[in-house]
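Notes follow once the structure below has been shown.
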Amino acid sequence: MHKSIINLNEIKKKINLKNKNKDLEPLIVAVSKTFGIEDIMPLIEFGHIHFGENKVQEALDKWENIKHEKRNLKLHLIGKLQSNKVKHALKIFDYIHSLDSLKLAQKISEEQKKIERKIKLFIQINIGNEPQKNGIRIDELENFYKACCNNFDLEIIGLMCLPPLNENPVKYFDKMKKLSKDLSLKHLSMGMSSDYMSAIDYDASFLRIGSKIFGERSK
Ligand SMILES: *Cc1c(COP(=O)(O)O)cnc(C)c1O
């Protein structure tokens, strides 16, 4: 069996052991950025459906053909999206986890009207209030969310965060859970290779896991 399948099964087993009393199983987005389709293919053949990429062009190059063949595959954009790439992003992605500005919200709204399809969106939160990070500030979130729903008719399914590096993420996951509850949102995209087990304690429903599945990235 391919290493990525063994790794994914181990992750699922760990989650199930911990999650015995919860009825909702978190969905695993296998983050395949930098890996070639030959590394990804075994997981696709195994039946895994959700994959994550952080660059629009890389995703188009890698996924356009295979998504055409396998219609059930779902692709998640987890990296920064520039407004001028929205049109291309909508061609290949089913979910965008990185909605982080009104300008981007407006552009997505315009482009998705043209193709008569609503993409599923997460609002990215700058949960540690870090100057170098993307994301909506906590104090802006309520207004931003209202604008997304009322002015732009977007389908916001949840919130996403990347907690500050080299810190225990737990207090940030806890904050995310509260923010999500305040807005009655259904989903939380949080938890990566190093911290997915604590993310599920705070009701993460979309885990974005790369290196624990595919191995270390070379670049
Ligand atoms: C790369 C990346 C991940 C996955 O990271 P790993 O540590 O390899 O699991 C998750 N989320 C985002 C936004 C990423 O860019």
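Note that ligands are numbered from 1 as they come in the structure, with each ligand's atoms numbered from 1 the same way. Computed over heavy atoms, backbone and side chain alike; hydrogens, waters and symmetry mates excluded. Small disclaimer: the values here were computed from a predicted structure and weren't measured.
- Residue pairs meeting the salt bridge (Lys or Arg N to Asp or Glu O under 4.0 Å) criterion with at least one partner in residues 2-15, sequence neighbours excluded, are absent.
- Below 30°, between 30° and 60°, or above 60°: for Tyr202 and Phe173 the angle between ring planes is between 30° and 60°, a tilted geometry.
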For each nitrogen or oxygen atom of ligand 1, which protein N/O atoms lie closer than 3.5 Å, and how far apart are they, rounded to 0.1 Å?
residue	atom	partner	partner atom	Å
ligand 1	8 (O)	Ser211	N	2.8
ligand 1	8 (O)	Ser211	OG	2.9
ligand 1	8 (O)	Arg217	NH1	2.8
ligand 1	8 (O)	Arg217	NH2	3.2
ligand 1	9 (O)	Ser193	N	3.0
ligand 1	9 (O)	Ser193	OG	2.5
ligand 1	9 (O)	Gly210	N	2.8
ligand 1	11 (N)	Arg208	NE	2.9
ligand 1	15 (O)	Lys33	NZ	2.7

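- Taking a cutoff of 4.0 Å between a charged side-chain nitrogen and a carboxylate oxygen, Asp203 and Lys181 do not qualify as a salt bridge.
- At a cut-off of 3.5 Å, with distance as the only test, no side-chain donor of Arg217 or Ser211 sits close to an acceptor on the other residue.
- In terms of the salt bridge (charged side-chain N to carboxylate O under 4.0 Å, His left out) criterion, residue partners of Asp153 (sequence neighbours excluded) are, by chain and number, Lys118.
- Sorted pairs that involve residues 24-40 and meet salt bridge (Lys or Arg N to Asp or Glu O under 4.0 Å), not counting sequence neighbours, are lacking altogether.
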